[in-house]
Structures are given as structure tokens and as C-alpha cells.
4 protein chains.
Amino acid sequence: MPRISPERRAAKRGDIIAAARRCFSRDGFHQTSMPEIAAEAGLSAGAPYRYFASKEEIILAIASDAFRLVFEPVQRLAEATDAPTVADLVAAALRTIEQDTVTDAAGRMVPVEELLRCAVQTWSEILRSEEVRDGAVKGFEGVHRSIAEALRRGQAVGSMPATVDADLAARTVMGLLHGMLLQRVAFGAADAAGLADGVQAVLRQ
Amino acid sequence: MPRISPERRAAKRGDIIAAARRCFSRDGFHQTSMPEIAAEAGLSAGAPYRYFASKEEIILAIASDAFRLVFEPVQRLAEATDAPTVADLVAAALRTIEQDTVTDAAGRMVPVEELLRCAVQTWSEILRSEEVRDGAVKGFEGVHRSIAEALRRGQAVGSMPATVDADLAARTVMGLLHGMLLQRVAFGAADAAGLADGVQAVLRQ
Amino acid sequence: MPRISPERRAAKRGDIIAAARRCFSRDGFHQTSMPEIAAEAGLSAGAPYRYFASKEEIILAIASDAFRLVFEPVQRLAEATDAPTVADLVAAALRTIEQDTVTDAAGRMVPVEELLRCAVQTWSEILRSEEVRDGAVKGFEGVHRSIAEALRRGQAVGSMPATVDADLAARTVMGLLHGMLLQRVAFGAADAAGLADGVQAVLRQ
Amino acid sequence: MPRISPERRAAKRGDIIAAARRCFSRDGFHQTSMPEIAAEAGLSAGAPYRYFASKEEIILAIASDAFRLVFEPVQRLAEATDAPTVADLVAAALRTIEQDTVTDAAGRMVPVEELLRCAVQTWSEILRSEEVRDGAVKGFEGVHRSIAEALRRGQAVGSMPATVDADLAARTVMGLLHGMLLQRVAFGAADAAGLADGVQAVLRQ
DNA sequence: GATGAATGAGCCTTCATTCAT
DNA sequence: AATGAATGAAGGCTCATTCAT
């Protein structure tokens, strides 16, 4: 029988993740030390190891959060709409990165900026860690499939030309999502206001 | 009177960069040690320090290469064409990441895969290093401007609707470039064949 | 809630200083590595860094100890005596370097030989490190002032000729202290027995 | 037959020593690298090794120079004068460190400041290097003997009390020399003007 | 004789992780 | 459960010295 209730345990994990996300967003995965994370969470240096086996595991948890939060809105639209257009999906995707905060798995408000900065770093981890990559690829393929299927439904009802490749169109949607995300946090193109609508207009030209 | 000519010196720098790029592409910036780079270049541990003041400087050089090589083709098209369409520019941008090799500043053949894996890591560095960020932002803004101006020329001659925001359209082009790049090296969507044409078709739908 | 009390922490710092002093006395500041100091203190390589930010800081602590212990006795005499003579002050100063051990700030017995060998090295550091120099100059000026004032009191009551320069006389006292210190540890004139009285006799000739 | 005449060889050695002395005076023995010395002498990195087997040997040469130049004037007075007083010898000794330049073995003008800064560092080397120590002790004992003998001649003719210990008196002279030297370069008591006469007055009080 | 590129051992320092308390 | 001191393996970098040219 656990000395601590599963709820308390999960809450503490959430605290540590949130602390780590703040640190990582500020200094980067590899410039943040475990004691720093612990201190940011108001814990002693050894405490996080009761909740996570290693720093890697914390990174993994954050990566998984980041992928989910970034993908969720498009996926929801793709699954909830009969025959969305590419432009609609793109707009839905970009809406996420226009916002200031999102709500994470534990119901915590997370500054979007913080999340996106972690997301970008996560992409580097994909190249190194098989586990991160597996999570990322699986997540990507899930959304990709949802979008492609939605687009195929559109082709079936004629709201989208049958000649375009639905898979490539789905990739296009996600590419724009990632590309604009990157512009916001890395390339100084942070003025995201109206981004979703603007890009939608470009695509509808 | 230097024993090695400036050319040989530059060639050696190039060798070290190439070795570092192989290591970085394989293991990541922070998982690669300086002695590893030296060994990969066939040198002793101290040798790279005659050519670069620090590991940071090597990363910087690679980052700068990566930005240039990724941006060059679109920028060239934007500057060489009277009134390119968004789809044309996107196709030009994506052509780069469809290839297998590119030629770097020193005239060396570089596997694109290698370069792109470094590019993704570079984005993380942008968040940490002011110098990397400056280079990145400057590079980004240069291409962005070229593309936006090309699109405005298109609007002037009526080949593109005057209602779309040329700046946002330019961001869209670059977003797609970065997003597809990421898919190729990180999300396992590596089958890039026909990518440029396919996405062009999507946009023209 | 610290696991070790401030007292234990101070004691550990003292242990490390003592270990470093033994190493430095034996091999010199720059021939002693941090792992050597740690080993001499019975600790692992990283442990001293929990107590000192850098090797420099350890050197600084030892330098400051050395200055204080060497200067203390003369200064005390100068401040406690109404009108001491130059010869009295010199004798008091030299008494320190005749001894075998002194007690350091932490109440630890320190072999004088060890301390003096560090003192000599400290003088070299003065030439390099602004911080060491500041401490040294401040310490020097403090004792110098105390001695000069004591001598001026002597001149006021006629126990010393008014014609001699009290400042120079004070420098003479300290010069002899440092000069004899150096002879003991560097020039092989270690037979310090009777040094204080003998030099006093010379001065009173 | 040497490829280079002994004179040229000696001159080059002198150049290197002079360059090293400038570097050492400025940065310290252990903060100065061999390539730095070579560059200061206008030579390539490897060149000094044709004239000195190691950095240690350069230090040794400089140490030996420093001891000689510091000791020479007192020793000359002690040997040239029938019955000098302690105060006379001290004044002669201090005259050296009042000056701005001295002439080294090769006839080169050397800033006294530079020489004295090296001398202080040399004392640290004594603690580490048997060779430096041997040279130092030998030099010290030579001067010490000269001074003690001169003082004994004084005792023989009655110009000095027979009760004082001539050896200790000689040590006193040398102690003052070293102590004042140290004050000039390390303790910021650099106003050496009138030092010799002033201290003489103190001793004659 | 000279050059200066290269070597490689060694140094200071950091930090993920463990474990006695 | 929690603490935080301690561990010890690297890592980036320097530099005395060598040697091919």
C-alpha cells in the first residue's frame, strides 16, 4: 500500500513537471540541473527521484504533454467535423499558438510560450531518444490520420478536389502548425494575433 | 609567415565542421564531446582549439551554415522571379529538403539529412544563445523580406490577390519549409519524394 | 532545514582549509590540484565545491588567515602598550615565527612552518589577484597604522627620538618580520631559536 | 661546431629571459605560457626550446638573476668596506630597491619593479624546486657570510659592540632588504624615496 | 636553425544520482 | 517520505613540449 495516495502522488508529479517546464523554457533541457528543478518546485535535491526515475523521464513527460497540447485542437476539429477544408484545419491548428495559456493534463494553466519553447527543444530530443521519438511519431501519426481521413471525407462529398493527395494535405496542415510555432518562439515573429485567420486567407487566395 | 596557408587553414576548419556535423547529427550538440569531434576529424583532443575558440563557436558555425543552406533556394527564387506565386515559392523551398545532398560554403557535399538534423537542434540553441538567435533572426528576416517583396510585386501585376497579407504569406512559405523539414527528420515522414510538387498541388487546389 | 548545522559546516570548511594548507605548503598553490585537496581532506573530488565556489576562494581564505596570524601579535602589542620601542615591537613580531604552532581562526593548531610557507606563496598571489592584494594591503595598513601610532605615543613621552619618521620605523618593524619569515622558510635560516631576542639586541646596539 | 656563435646564442638567451621577465612580472610564472614568452620575444612557439630545455630552466635563470641583482650592492659594500655598521649595510641594501632600473648580467637595463616582482615569485619557487632553492640558499649564504665577516671586522676594531651576534645582525640586514622589497611591490608601500636614509635613521636612533 | 601545428596529459568544475540520517 | 551532503564520472579547455617541414 502506497505511503501516499495516488492522487497526491500525481499532484506532486504535476508540480515537478510544471517546475521543470518553467526551468526548461527559461534555460533549456541541458542547461537545467536536477537540483534546479527541485528548487523551483520547492523540494530538496533528492525528492524528484521519488517521482521520476531520471531526468530523462521528466523530459519524456514534458515532451508527451507538449505534443498532445499542440496537436489536440486540430485533431478535435478533424474528428468533429464532417468535411473540413485544409484552410479550416490550419486555422484550428494555429489558434493554439495564438493563445496565451493552455490547460495541461492536470488541469493546470500553462503559459503557451513556455509550452512552445519546450516543444522546440523536444524536437531535438527526438533525434536522440528512441522513447521520445516513439511518442512523437505515434502522436504525429494519430493526428495525421485524423486529418487525412477528414480530408478524404471532404473529397467524398466533393468539398475538396479528388486530385490532391489527402496525406500530403494533412502533412501540410501540420507543417504549418510546427512552422508557425517555431516562428513564434525562435525567429522573433511573435505577433501571432490574427495568425490563424491570416494564413487561412492566404490558403484561400 | 604561417606554415599553413589560409586556404589550408580554411580547409581544416571545414574538416572540423564536417566532423562536428556528423557527430551532432548522430548524437546531438550536448551529447557530443569535444574529444569526440576531434577524433571524428582524425585529430587530437586539443587540435580543434587552434581553429575554434570553443565548442560554442563550432555550433555557431554549423548553425549559420544550416540557416543559409535551408534558406538559400527560396530566397534565390524570390529574388530572381518577377511575380512568383506562394505555391511556386513553397515548391522551391521544399525542393531543398527533398534532396540527398547539398553543397556547403566550402564546396563540400553534405548529406541533407545530416544538415537538417543539425538545423532542428539549432532551433533549440536559439532559445539559449543570443548569438545563435541573432544569426537566425537576421537570416529569417532577410528571406522573409525577399519573399514578401516578391509577393508584393505579384500583387502589383495582379498575379496575386491584393487582399492577402504578403507578410503573412511569406511567413506561410517559411513555416511550411520548417514544418516539412521537421517532419522529415523528426516525425518519421521521410518519404520526401514529390513533396514539393504535392504540396504545391495542395495549395493550388 | 539544513542537515548539517552551521557549526558543522564551518568545521568542514576548516577541514578543507587545513587540508589545502598542508597540500599548498608541500607543493605550492598551482601544483596542487583540487582533487588532491579533496583527497587530503578525505573527501571526493566534488565535495569541496559545496563549501568553496572555486580554488581561488580557498586560496583567498588561506591568504587571509596567513596575513592575520602573522600580523596579530605585533598589532596586539602595539595597541596594548603605551610607548613600545622599535626593538620591542620587532621582538613581538618575530616571536610568532619562532614558534612551532599557532592557533587559527577555527581554534585549530596549525604548524607555523606550514602557515609561513603559504604566506610566502600568498605574496606571489598578491601580484596576480586583486582580491588577495586588497586583503593584504588592508591588513598591512592596519598593522602599520597601529605600530606607527604606538611609536608616536613614544615620541610624545620622549621614549623615542622625535627625529625619526614613525611611519618608516613601522615599516621597518614589518619589513623585519617579513624578511625573517622568508629566511626561515625559504633561505634555510630556520634556526629561529632566540631570533626575537637576538635581533632586539642588534637593534639596541 | 655550433651553427650559431656562442655570442649570438647568449644574446638570444638574454632576449628570451628579458621577454620572460616582462611576462612573469605582468602575469606571474604560472599564468604565463611558453608561447606567450616566445611571442613577447618575437619568436615562434618552438624557438625558446633551442635555448632552454624547459620553462623551469627559464625560471631558474630569472631566479638566479634576481637573487644576484638584489644581493650585489650590499655584498659589494660588505667586501669593500673595512668596518661598516649595520645601518650602513642596510642603507646600501635598500638603495637597490629605491632605484628605477638596474643592469643585468647581459648589460641590459631592467626596470627594478619588474625584477622585484619576479623576485617575490621566485621565493615561492624556492618552496617547490630544489634547484631554485639551492641557488637561493647558496646566494643567501654568500652575502650573509660577507656581511657577517664585515661586521666581525667592525667588532675587532671596536666600531660595533662585541656583544651582538654578527650572524644575526647580518640576517637583520638581509631581512630588511627582503621585507622592504616586498612592501614596495606587494603591499603598496611603493614610495621608496628616501627609504634607505630613513631606515638608517631609525636604526641609529 | 626556425617554424608553428599538433599532441595529449591534466586541470577545474559540474551535475545526475545515491543514501545515511 | 524527505532531506541534502556526498559521490565520481565526465566535460571543456589549456599548455608544455615535440617534430615534420
Side-chain angles (χ1 to χ4, degrees), chain A residues 2-4 8-9 12 30-39 42-59, chain B residues 1-4 8-9 12 30-39 41-58, chain C residues 1-5 8-9 12 30-39 41-58, chain D residues 2-5 8-9 12 30-39 42-59:
Chain A
R3 310 279 192 83
I4 182 176
R8 282 195 60 75
R9 186 174 170 78
K12 202 95 172 209
H30 300 290
Q31 282 62 50
T32 300
S33 71
M34 284 295 276
E36 266 166 348
I37 295 172
L43 299 171
S44 68
Y49 284 91
R50 294 211 146 264
Y51 300 90
F52 296 90
S54 65
K55 188 178 176 180
E56 186 73 17
E57 207 177 289
I58 297 181
I59 291 179
Chain B
M1 61 203 79
R3 187 69 150 303
I4 65 169
R8 280 193 63 76
R9 185 177 172 78
K12 199 95 176 211
H30 300 290
Q31 282 61 49
T32 300
S33 71
M34 284 294 278
E36 267 164 355
I37 294 172
L43 299 171
S44 68
Y49 287 94
R50 288 190 67 77
Y51 298 89
F52 298 91
S54 64
K55 185 178 178 180
E56 186 73 16
E57 207 176 289
I58 296 181
Chain C
M1 63 201 77
R3 187 70 152 300
I4 65 169
S5 62
R8 281 192 63 74
R9 184 176 171 79
K12 200 97 176 208
H30 300 290
Q31 282 61 48
T32 300
S33 72
M34 285 294 277
E36 267 164 355
I37 294 172
L43 299 171
S44 68
Y49 286 92
R50 288 190 68 76
Y51 298 89
F52 298 91
S54 65
K55 186 178 178 180
E56 186 73 16
E57 205 175 290
I58 297 182
Chain D
R3 310 279 191 84
I4 182 176
S5 73
R8 282 195 63 76
R9 185 175 171 79
K12 202 95 172 210
H30 300 290
Q31 282 61 50
T32 301
S33 71
M34 285 293 275
E36 265 166 349
I37 295 172
L43 299 171
S44 68
Y49 284 90
R50 295 212 146 263
Y51 299 90
F52 297 91
S54 65
K55 187 178 177 180
E56 186 73 17
E57 207 176 288
I58 296 181
I59 291 180

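What you see is a predicted model, and the numbers here were worked out from it, not measured in a lab. A note on names: the letters A, B, ... follow the listed sequences, proteins ahead of strands, and every chain is numbered from 1.
Within the 4.0 Å cut-off from OP1 or OP2 of F/dA2, at least one side-chain nitrogen or oxygen of A/K12 is found. Between C/Y51 and F/dG4 there is no side-chain N or O to OP1 or OP2 distance below 4.0 Å.
Where C/A47 and B/S33 each meet DNA chain F at their nearest nucleotide, the meeting point lying more 5' is that of C/A47. Mapping B/S54 and C/L43 onto DNA chain F by nearest heavy atom places C/L43 closer to the 5' end of the strand.
A/H30 NE2 to B/Q31 CD: the interatomic distance, rounded to the nearest 0.5 Å, is 4.5 Å. Separation of atoms OH (C/Y51) and CD (C/E57) is listed at 13.5 Å; rounding is to 0.5 Å. Here the CE-CG distance, from C/M34 to C/L43, works out to 10.5 Å after rounding to the nearest 0.5 Å. In this structure, D/S5 OG and D/R8 CZ are separated by 6.5 Å, a value rounded to the nearest 0.5 Å.
Looking at every heavy atom in both residues, B/A38 comes nearest to B/S44 through CB-O, 3.3 Å.
In this structure, A/I37 places its CD1 atom 18 Å from P of E/dT14, rounding to the nearest Å. Between the CZ atom of D/R50 and the C1' atom of F/dT18 there is a distance of 12 Å, given to the nearest Å. Straight-line distance from the CD atom of A/E36 to the C1' atom of E/dT14: 11 Å, rounded to whole Å. Rounded to whole Å, the distance from NE2 on B/H30 to P on F/dG12 is 10 Å. D/R9 has its CZ atom 14 Å from the C1' atom of E/dA2, to the nearest Å. Whole-Å rounding puts the B/M34 CE to E/dC12 C1' distance at 17 Å. Rounding to whole angstrom units, NZ of residue A/K55 and P of E/dT17 are separated by 8 Å. The interatomic distance linking A/E57 (CD) with E/dA16 (C1') rounds to 14 Å, in whole Å.
Set against F/dA2, E/dT18, E/dG8, the side chain of B/A45 has E/dG8 as its closest nucleotide. When distances run from any side-chain atom of D/S44 to the nucleotides F/dA2, E/dT3, F/dT17, the shortest one goes to E/dT3. You'll find that the side chain of C/Y49 is closest to E/dC12, out of E/dC12, F/dC13, F/dA6.
Across all strands shown, E/dT13 forms a Watson-Crick or G-U wobble pair with F/dA10, both key distances being under 3.5 Å. Look at E/dA20: its Watson-Crick or wobble partner, with both distances under 3.5 angstrom, is F/dT3.
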